[in-house]
Amino acid sequence: MRAWTLPMLLVLCGSATATGLIFRGSVGAAAALLLVFVLLAGAHSPLVFPRSIGALEAQRRSAADGRPVVYWRPGCAYCIRLRTRLGRRARRAHWVDIWRDPEGAAAVRAVNDGNETVPTVVVAGQPHTNPDPGWVREQLSGAV
């Protein structure tokens with residue numbers, strides 16, 4: 001549920017502000033503002049990420065196919081940046097939402113001095129915290 005807190009707040013704030021603009025007679029500005037808030041809510045929601053799997057399943061699959069495991073959480077600006085820069089290639093990685101998977105959160109804390117710093121990308125068993133998206137794209141190109 002906490003994954004949807006920020007998107008819901010954005011939609012509510014946008015709706016309240018747009019309502020105020022409508023009462024002032026600025027229907028066009030209200031529509032534009034509401035659209036911006038809805039787009040921001042969508043960008044900060046789990047919807048823009050590939051389907052998450054559990055950490056243990058992601059590790060098993062990565063060992064079999066050599067694809068990176070990306071640990072992320074909704075609302076993380078760095079995760080959104082990584083996801084956006086990967087484009088269609090993002091689906092080639094194994095994504096683990098650390099807010100939904102306790103084992104994933106534990107794996108991230110284990111390699112980040114007890115912090116849940118994301119995105120953490122594991123390639124060939126080596127963790128990389130907040131790596132450059134271009135580098136991750138290269139890793140996805142080389143994976144099976």
Side-chain angles (χ1 to χ4, degrees), residues 1-21 26-144:
M1 185 63 184
R2 68 179 169 172
W4 289 99
T5 302
L6 180 59
M8 288 187 304
L9 284 174
L10 286 167
V11 170
L12 287 173
C13 289
S15 299
T17 307
T19 301
L21 287 172
S26 301
V27 176
L33 183 72
L34 184 58
L35 177 63
V36 168
F37 273 88
V38 168
L39 290 174
L40 282 171
H44 286 85
S45 76
L47 298 175
V48 297
F49 290 89
R51 188 177 73 82
S52 288
I53 58 177
L56 299 177
E57 178 65 14
Q59 292 165 3
R60 185 190 64 73
R61 289 182 187 183
S62 179
D65 61 19
R67 295 180 184 181
V69 176
V70 180
Y71 295 94
W72 69 285
R73 66 172 171 76
C76 167
Y78 299 105
C79 298
I80 293 169
R81 182 191 88 167
L82 176 63
R83 169 60 186 100
T84 303
R85 296 267 315 273
L86 292 179
R88 291 184 185 157
R89 291 186 188 137
R91 299 211 181 276
R92 297 193 70 199
H94 304 293
W95 292 78
V96 178
D97 179 352
I98 66 167
W99 278 0
R100 287 190 166 180
D101 186 60
E103 289 85 11
V108 170
R109 285 192 305 270
V111 299
N112 289 307
D113 299 321
N115 298 310
E116 291 183 355
T117 307
V118 288
T120 297
V121 180
V122 178
V123 178
Q126 294 292 89
H128 305 273
T129 304
N130 197 16
D132 179 74
W135 178 83
V136 176
R137 204 170 33 249
E138 289 173 15
Q139 303 310 306
L140 289 170
S141 297
V144 175

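The figures here come from the full heavy-atom set of this structure, side chains too, leaving out hydrogens, waters and symmetry mates.
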Check: Checking side chain to side chain contact (heavy atoms under 4.5 Å, CB included) for the pair Ser141/Arg89: CA distance, chi angles, key distance, verdict?
Finding: CA-CA 8 Å; Ser141 297; Arg89 291 186 188 137; 4.1 Å; yes
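Minimum heavy-atom separation, Pro50 to Ala90: CG-O, 3.9 Å. Of all the heavy atoms in Val70 and Pro119, the pair that sits closest is CG1-CB, 4.4 Å. Of all non-hydrogen atoms in Trp135 and Pro131, the two that sit nearest each other are CE3-CB, 3.8 Å. The heavy-atom pair separating Pro133 from Arg85 by the smallest distance is CB-CB, 3.5 Å.
Judged by distance alone, the side chains of Thr120 and Trp72 never bring a donor and an acceptor atom under 3.5 Å apart.
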Contacts table for residues 9-18: side-chain donor-acceptor under 3.5 angstrom, sequence neighbours left out:
unit_1	atom_1	unit_2	atom_2	d
Ser15	OG	Val11	O	2.8
Thr17	OG1	Cys13	O	2.8

Identify each donor-acceptor pair in which a side-chain atom of residues 74-84 lies under 3.5 Å from a protein atom, sequence neighbours left out, and give them as a table.
unit_1	atom_1	unit_2	atom_2	d
Arg83	NE	Val48	O	2.8
Arg83	NH1	Gly87	O	2.8
Thr84	OG1	Ile80	O	2.8

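Here the CG-CZ distance, from Leu56 to Arg61, works out to 12.0 Å after rounding to the nearest 0.5 Å. One distance of note links CZ of Arg51 with CZ of Arg91; it measures 10.5 Å at 0.5 Å rounding. Atom CG of residue Leu86 and atom CD of residue Gln139 lie 11.0 Å apart, to the nearest 0.5 angstrom. To the nearest 0.5 angstrom, Ile53 atom CD1 is 9.5 Å from Gln59 atom CD. Note: Leu140 CG to Arg88 CZ = 15.0 Å, rounded to the nearest 0.5 Å. Note that CZ of Arg109 is 12.0 Å distant from OH of Tyr71, once rounded to the nearest 0.5 Å.
Between the side chain of Asp101 and the backbone N or O of Gly54 there is no donor-acceptor pair closer than 3.5 Å. Judged by distance alone, with hydrogens and angles left aside, the side-chain atoms of Arg67 form no donor-acceptor pair with the main-chain N or O of Ala93 at under 3.5 Å. At least one donor-acceptor pair under 3.5 Å links the side chain of Asp97 to the backbone N or O of Trp99.
Residues Thr117 and Asn130 fail the side-chain proximity criterion, which asks for heavy atoms closer than 4.5 Å. Taking the side chain as every heavy atom from C-beta outward, Arg73 and Glu116 never approach each other to under 4.5 Å. Between Pro68 and His94 the shortest side-chain heavy-atom distance does not fall below 4.5 Å. The shortest side-chain heavy-atom distance between Val122 and Pro127 falls under the 4.5 Å cut-off.
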